[in-house]
Amino acid sequence: MIIKEESRATVSGRWKRTVARLVRWWPLRQFMMLGIRTVVARHRVGVALVPIDDRGRILLLHHVFHPYVPWGLPGGWLGRNEAPAACGLRELKEETGLDASLGPVVHMSRVEAPSHLIVAYLARVQPGAMILGPEIINAHWFEPDDLPVPLLPFSQEAIQTARRLHENGIA
């Protein structure tokens with residue numbers, strides 16, 4: 001069913017169809033993309049993983065650059081033209097030397113300082129020797145009921161959701 005716009009609309013349907021045809025033309029499409037890059041807000045994007053092993057334990061890292069809340073999830077900043085899933089797997093490999101298979105997104109939110117969007121995936125870690133990256137002081141597998149305190153609210157919420165999914169056999 002096609003719904004026609006009402007006549008009281010401020011821009012006519014004919015004008016909209018004309019603009020839609022024009023932006024198919026390469027120079028105008030490039031001009032539109034320049035406008036988007038210039039005007040539309042940009043955000044930093046972080047990606048984290050909630051790594052869970054076969055026993056249901058959660059891997060947390062003690063990070064050099066997190067002095068006030070030292071334990072947290074593996075993760076980092078999304079690179080230019082990098083897919084979020086690829087970023088999470090890359091960061092896990094850089095920080096721990098481990099590989100994983102990703103499950104669903106378990107949490108996403110906006111964080112104030114520094115302002116960024118962050119997304120967390122559930123990750124099933126493959127067995128292997130841990131080799132800590134230069135930014136990591138320590139890594140430890142924690143039982144879900146024995147997590148270190150404090151944890152960032154984002155980490156707590158992501159872990160809680162990942163734990164529910166894991167316990168219910170969903171992921």
Side-chain angles (χ1 to χ4, degrees), residues 1-52 58-61 63 65-66 68-69 72-96 98-126 133 135 144 150-171:
M1 176 174 160
I2 297 175
I3 301 173
K4 294 189 178 194
E5 65 185 64
E6 296 184 24
S7 59
R8 61 189 160 123
T10 57
V11 178
S12 74
R14 175 182 280 171
W15 170 249
K16 291 178 185 179
R17 287 189 295 280
T18 301
V19 170
R21 267 195 318 275
L22 287 173
V23 295
R24 291 182 192 152
W25 187 45
W26 184 84
L28 284 179
R29 189 171 57 249
Q30 295 304 311
F31 182 70
M32 181 178 71
M33 296 308 291
L34 175 64
I36 289 169
R37 284 192 301 271
T38 304
V39 175
V40 175
R42 290 177 223 130
H43 292 280
R44 287 176 208 78
V45 177
V47 178
L49 299 183
V50 181
I52 296 182
I58 297 163
L59 178 65
L60 295 177
L61 307 179
H63 204 286
F65 299 118
H66 301 167
Y68 301 110
V69 182
L73 300 170
W77 298 114
L78 185 68
R80 184 178 295 276
N81 297 320
E82 185 177 32
C87 173
L89 293 173
R90 173 183 56 76
E91 287 289 341
L92 180 68
K93 187 72 167 180
E94 288 175 3
E95 294 176 347
T96 68
L98 297 174
D99 293 309
S101 58
L102 290 188
V105 170
V106 293
H107 193 65
M108 180 184 282
S109 66
R110 181 177 175 276
V111 177
E112 287 293 325
S115 178
H116 65 284
L117 301 173
I118 187 164
V119 59
Y121 291 89
L122 176 65
R124 291 286 202 172
V125 177
Q126 299 168 4
E135 301 174 2
L151 286 175
L152 293 173
F154 174 84
S155 296
Q156 291 173 349
E157 293 166 15
I159 290 168
Q160 186 178 50
T161 302
R163 185 177 170 191
R164 269 196 318 271
L165 291 174
H166 177 73
E167 288 171 354
N168 291 324
I170 295 172

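Hydrogens, waters and symmetry mates play no part in the numbers below; they use all other heavy atoms, side chains included.
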Interatomic spacing from [atom1] in [X] to [atom2] in [Y] - rounded to 0.5 Å:
{"X": "Ile52", "Y": "Ile159", "atom1": "CD1", "atom2": "CD1", "value": "9.0 Å"}
{"X": "Glu95", "Y": "Leu59", "atom1": "CD", "atom2": "CG", "value": "9.5 Å"}
{"X": "His107", "Y": "Leu73", "atom1": "NE2", "atom2": "CG", "value": "10.5 Å"}
{"X": "Thr161", "Y": "His166", "atom1": "OG1", "atom2": "NE2", "value": "14.5 Å"}
{"X": "Leu117", "Y": "Leu78", "atom1": "CG", "atom2": "CG", "value": "10.5 Å"}
{"X": "Ser101", "Y": "Leu122", "atom1": "OG", "atom2": "CG", "value": "8.5 Å"}

Taking the side chain as everything from C-beta on, heavy atoms only, tell me whether [X] gets closer than 4.5 Å to [Y].
{"X": "Pro104", "Y": "Leu165", "result": "yes"}
{"X": "Leu98", "Y": "Pro51", "result": "no"}
{"X": "Glu135", "Y": "Glu94", "result": "no"}
{"X": "Leu152", "Y": "Val111", "result": "no"}
{"X": "Thr96", "Y": "Leu61", "result": "yes"}
{"X": "Pro74", "Y": "Glu91", "result": "no"}

Geometric class of the His63/Phe65 ring pair [parallel <30°, tilted 30-60°, perpendicular >60°]: tilted
Tyr121 to Val105 - nearest heavy-atom pair and separation: CE2-CG2, 3.6 Å
Short side-chain donor-acceptor distance under 3.5 Å, Ser115 and Arg110: yes
Exam field: side chain Ser155 to backbone Leu151, donor-acceptor pair closer than 3.5 Å: no
Met33 atom CE, neighbour heavy-atom count above 12 within 6.0 Å: no
Check against side-chain contact (heavy atoms from CB on, under 4.5 Å), Asp99 and Lys93: CA-CA 6 Å; Asp99 293 309; Lys93 187 72 167 180; 3.3 Å; yes
